[in-house]
Amino acid sequence: MFNALQILNTSISNALISLYNLSSVELSFQKTKSDFEGDFTLVTFNLTKPTKQSPDAIGKAIGDYLLLHEPIVEYYNVVKGFLNIGLKSNFWLSYFENIRENSGIGLKAKNSSGKTIMLEYSSPNTNKPLHLGHIRNNLLGFSMAKVLEANGHKVIKANLVNDRGIHICKSMLAWLKLGKGETPQSSKMKGDHLVGKYYVEFDKLYKAEIAELVKQGKSKEEAEKSAPVILEAQQMLQRWESGDKDVIELWKLMNSWVYDGFKETYANIGVAFDKMYYESNTYLLGKELVEEGLTKNVFYKKQNGSVAIDLSNDGLDEKIVLRSDGTSVYITQDIGTAIERFKEFPELQQLIYTVGNEQDYHFKVLFKILEKLGYKWAKECYHLSYGMVELPDGKMKSREGTVVDADDLLQEMYETAERTTSELGKVEGFTEEELKTLYRTISLGALKYFILKVDPKKKMLFNPAESIDFNGNTGPFIQYTYARIKSILRKAEKIEKFDINRIELTPIERELIRTIYDFEAIIEEAAKLYNPSIVANYAYELTKLFNRFYHEFNIIREEDATLKNFRLSLSQSCSHVIQNSMDLLGINVPDRM
RNA sequence: GGUCCCAUAGCUCAACUGGAUAGAGCAACGGUUUUCUAAACCGUAGGUCGCAGGUUCGAGUCCUGCUGGGACUACCA
């Protein structure tokens, strides 16, 4: 009923039939640029060939047709082949009347699409604390889940914890050698940081041994393979795999430290999971599938006994799926876990992996193998690939300690929020507890928005020296605008009934309604493109627009009661959309700040 | 060597997926508060969209080549 594009599309299609006897033509619409008069713009260039008319003539002919036949159209103008169409204020006002009581504008009802999606994200290693790169993963995954839910899908948020492997053994070994029984309690250190400390210690030992061996005349490569400490770590991994009691016990202990730490960080940034997977349970999966793949001739055995798949016809290379000693490689278990998940959740229709773009190739191979094994759902697997977070001097490396630690950053942001807030001095009457919540809301808002406003596909730069801004295109700016609206609504106390037909829209009011109207399409687009930054940029646009409105009119002092209540109601709807769009990003908004 | 990704204002990012005069924020400069929260608003300045071709009525966007940056290419995870 209020789908303007659909209405226009139908009317213009009719116009083309009536005017040129043309049917089934793809029409190209866009939002009218703000420098021109209108709401929607039809691009007419692609119609010149079939109609043999000039763009301007087509625009004029369609425009005239619309004026006669389409009641929602008020006026039109044609500029250089662009047909700008203005809808009647009446259309926008009835739309607004229709949605203004609705606090969930644009959101689809829960599970209304009937589609179930598993979205994997976070998936940390348990040998080190989370850094800014992991934060991007977590925020992106969590937000994407929210966006998909807003489109009516059921989302199972999954976390596959990489809790085993050589890297964990490195931490364990270094702790045994140097730890002197140190625990999170004894050191007053967060568990994941403590384990991470020994991961770095291992690397130091390892590097020293390599240097020593090189000095003795070995090549670097040889040294890396034969350094005693790495051999010891490998041995430890073998003992783990054979179920050695001591190793398993230490592994459990150190992992439990890490989990306590992660739990705290996850709670702090406000992400959650529906389903936890652990690689120690899944790493053997997939081996039996290799057998299946062999009988299907998808895989082949090489002379040395290893099993591989040739993907060179698909633009990829040969990929080993089983070592010559019969053990799995990483992709083997990925094949296994994917299949396992579709068995576990028969209703599953899509599987999304939130993993950095370093693994683009890996997922191409994985999906291709699944396809070749004959799983129909293989084409519903999607790699939500995101770019690395880089520092001014390059990529972050845990081993070398050149990382922005997640917990440190969150703490820093919190302190900045606290300092900025008290400098501005607008929080009289807040309790200690309310202040803490506010600082958290603002600091997380700043960080999350900073990360999510960037297109996930692109790498992004974080400059610790400049930190994250609280002014301009930022989370706190949007939160502030929300608080402003809430303040007005508090002061007004209530919105009285008003006759919408008495309203004459000013340009900015019209633009606000129009922008609210766009929200639904934005949510759909963000899901379609797997891109929360579309929501972030939208929230900013709406917020900026509202601030202009706010400066242009004093809402509370408006003497015309109809106008006043209309503007209050419009402000309220803006607050709903701002709140909902921020919620899709996993960001809270405060009533006061 | 091969494959893939990226390059837009001094800095960080947009550009509705091929459409109009490429837009925001930060930083710089100037203005706005006895009026609903100045974490705001208005204005000025800032661009050979890495370079060179091509396709198209139309290219930041698509194709080719080049330059610069990055990732992947392991019987690592």
Side-chain angles (χ1 to χ4, degrees), chain A residues 28-36 41 43-46 48-49 55 79-82 84 125 162 164-167 279 283 302 304-308 315-317 319-331 333-334 356-362 364 385 387-388 390 394-395 417 420-421 423-424 426 442 446 450 453-455 457-463 466 469-481 483-492 518 521-522 525 529 533-534 537-538 540-541 543-544 547-548 550-558 567-568 571 592-593:
Chain A
S28 160
F29 286 101
Q30 54 184 299
K31 193 173 171 173
T32 303
K33 294 221 166 192
S34 54
D35 322 343
F36 303 92
T41 296
V43 184
T44 61
F45 297 103
N46 58 334
T48 52
K49 266 185 194 157
V79 184
K80 295 202 292 191
F82 294 87
N84 301 318
N125 292 349
N162 187 0
R164 52 138 252 133
I166 188 72
H167 44 287
E279 276 197 12
Y283 80 107
K302 297 183 42 157
N304 59 15
S306 63
V307 179
L316 305 163
D317 294 323
K319 180 76 189 174
I320 297 284
V321 294
L322 210 59
R323 296 190 187 104
S324 50
D325 64 3
T327 56
S328 307
V329 293
Y330 193 74
I331 202 158
Q333 73 155 303
D334 267 356
N357 65 8
E358 311 158 293
Q359 296 198 35
D360 283 355
Y361 181 80
H362 172 80
K364 269 187 202 161
S385 167
M388 299 289 105
E390 289 179 6
K395 210 184 143 184
T420 310
T421 305
E423 273 167 13
L424 291 169
K426 297 180 188 175
I442 296 173
F450 177 81
K453 77 172 177 187
V454 182
D455 185 335
K457 289 194 292 288
K458 298 192 175 175
K459 68 171 184 216
M460 60 177 294
L461 191 111
F462 175 77
N463 188 340
E466 289 172 8
D469 224 305
F470 282 37
N471 299 321
N473 186 359
T474 67
F477 165 66
I478 297 170
Q479 290 172 321
Y480 171 73
T481 305
R484 259 184 162 177
I485 299 175
K486 292 305 261 188
S487 170
I488 296 171
L489 296 174
R490 267 196 308 274
K491 292 206 163 115
D518 285 337
I522 292 289
E525 202 193 343
L529 301 178
S533 80
I534 293 169
N537 287 308
Y538 168 82
Y540 176 63
E541 285 303 319
T543 302
K544 234 182 1 170
N547 274 301
R548 255 172 53 206
Y550 178 94
H551 278 268
E552 198 167 319
F553 301 107
N554 191 309
I555 297 161
I556 287 178
R557 284 196 164 195
E558 175 57 53
R567 286 180 183 155
L568 283 171
S571 302
R592 284 182 62 195
M593 68 183 272

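The sequence lines fix the lettering, A, B, ..., with proteins before strands; numbering per chain opens at 1. Note that the coordinates shown come from a computational prediction; the quantities given were computed from them, not determined experimentally.
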What is the distance from [atom1] of [X] to [atom2] of [N], rounded to the nearest Å?
{"X": "A:R592", "N": "B:U37", "atom1": "CZ", "atom2": "C1'", "value": "10 Å"}
{"X": "A:I166", "N": "B:A74", "atom1": "CD1", "atom2": "C1'", "value": "15 Å"}
{"X": "A:F477", "N": "B:A38", "atom1": "CZ", "atom2": "P", "value": "12 Å"}
{"X": "A:E423", "N": "B:A38", "atom1": "CD", "atom2": "P", "value": "17 Å"}
{"X": "A:N554", "N": "B:U34", "atom1": "CG", "atom2": "P", "value": "13 Å"}

Heavy atoms only, 4.0 Å cut-off, all strands: where does [X] land among base, sugar-phosphate and nothing?
{"X": "A:I534", "result": "nothing"}
{"X": "A:I555", "result": "base"}
{"X": "A:D455", "result": "sugar-phosphate"}
{"X": "A:K458", "result": "sugar-phosphate"}

Under 3.5 Å, side chain of [X] to main-chain N/O of [Y], donor-acceptor pair present?
{"X": "A:S487", "Y": "A:A483", "answer": "no"}
{"X": "A:R323", "Y": "A:S328", "answer": "yes"}
{"X": "A:T421", "Y": "A:A417", "answer": "yes"}

Give the nucleotide from the list [options] with an atom nearest to the side chain of [X].
{"X": "A:N162", "options": "B:U12, B:A77, B:C36", "value": "B:A77"}
{"X": "A:R323", "options": "B:U37, B:A77, B:C41", "value": "B:A77"}
{"X": "A:V454", "options": "B:C13, B:C42, B:A71", "value": "B:C13"}
{"X": "A:L529", "options": "B:A14, B:C13, B:U17", "value": "B:U17"}
{"X": "A:K364", "options": "B:A14, B:U37, B:C4", "value": "B:C4"}
{"X": "A:Y361", "options": "B:A77, B:A14, B:C72", "value": "B:C72"}
{"X": "A:R484", "options": "B:A77, B:A38, B:A14", "value": "B:A38"}
{"X": "A:A483", "options": "B:C72, B:U37, B:A77", "value": "B:U37"}
{"X": "A:D317", "options": "B:C36, B:A77, B:U73", "value": "B:U73"}
{"X": "A:K491", "options": "B:C57, B:C36, B:C13", "value": "B:C36"}

Exercise. Any side-chain N or O of A:S487 less than 4.0 Å from the OP1 or OP2 oxygen of B:U37?
Worked result: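 Answer yes for this pair, as a side-chain N or O of A:S487 is under 4.0 Å from OP1 or OP2.
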For this session: For the pair A:F470 and A:Y480, evaluate side chain to side chain contact (heavy atoms under 4.5 Å, CB included) and give the outcome as yes or no after the intermediate values.
Result: CA-CA 10 Å; A:F470 282 37; A:Y480 171 73; over 6 Å; no
Exercise. Yes or no on side-chain hydrogen bond (donor to acceptor under 3.5 Å, both in side chains) for A:T481 and A:N547, after CA distance, side-chain angles and deciding distance?
Worked result: CA-CA 7 Å; A:T481 305; A:N547 274 301; 2.9 Å; yes
Problem set entry | 5′-ward residue of the pair A:M460/A:A417 relative to RNA chain B |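 Checking each residue's closest nucleotide, the 5'-ward one belongs to A:M460.
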Exercise. How do A:T48 and A:I488 order along RNA chain B: which one's closest nucleotide is nearer the 5' end?
Worked result: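 Its nucleotide being nearer the 5' end, the pick is A:I488.
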Problem set entry | From CA spacing to verdict: side chain to side chain contact (heavy atoms under 4.5 Å, CB included), A:K33, A:T41 | CA-CA 8 Å; A:K33 294 221 166 192; A:T41 296; over 6 Å; no
Could you give the distance separating [M] and [N] at their [atom1] atoms, to the nearest angstrom?
{"N": "B:A59", "M": "B:U64", "atom1": "C1'", "value": "15 Å"}
{"N": "B:C62", "M": "B:U55", "atom1": "C1'", "value": "8 Å"}
{"N": "B:G43", "M": "B:A24", "atom1": "C1'", "value": "16 Å"}

Problem set entry | Dot-bracket notation for RNA chain B, counting Watson-Crick and G-U pairs under 3.5 Å, with | for partners on another strand | (((((((..((((.....[...)))).(((((.......))))).....(((((..]....))))))))))))....
For this session: Given side chain to side chain contact (heavy atoms under 4.5 Å, CB included), test A:N357 with A:K457 step by step and report yes or no.
Result: CA-CA 8 Å; A:N357 65 8; A:K457 289 194 292 288; over 6 Å; no
Exercise. Is there side-chain contact between A:E541 and A:D518, with heavy atoms separated by less than 4.5 Å?
Worked result: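 Contact flag for A:E541/A:D518 side chains = no.
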For this session: Evaluate side chain to side chain contact (heavy atoms under 4.5 Å, CB included) for A:K453 paired with A:Y540, printing each intermediate quantity in order.
Result: CA-CA 9 Å; A:K453 77 172 177 187; A:Y540 176 63; over 6 Å; no
Exercise. What distance do A:E279 atom CD and A:D334 atom CG have between them, rounded to the nearest 0.5 Å?
Worked result: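 So the gap between those two atoms works out to 7.5 Å.
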Between the protein and nucleotides 20-27 of chain B, which nitrogen or oxygen pairs come in under 3.5 angstrom?
unit_1, atom_1, unit_2, atom_2, d
B:A20, OP2, A:K33, NZ, 3.2
B:A20, N6, A:T41, OG1, 2.9
B:A20, N6, A:N84, OD1, 3.1
B:A20, N1, A:N84, OD1, 3.1
B:A20, N1, A:N84, ND2, 3.4
B:U21, OP1, A:K80, NZ, 2.8
B:A24, O2', A:Y540, OH, 2.8
B:G25, O2', A:N473, N, 3.3

Exercise. Are A:Y550 and B:A40 stacked, counting the six-membered base ring, centres under 5.5 Å, planes under 30°?
Worked result: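 Given the distance and angle limits, no, they do not stack.
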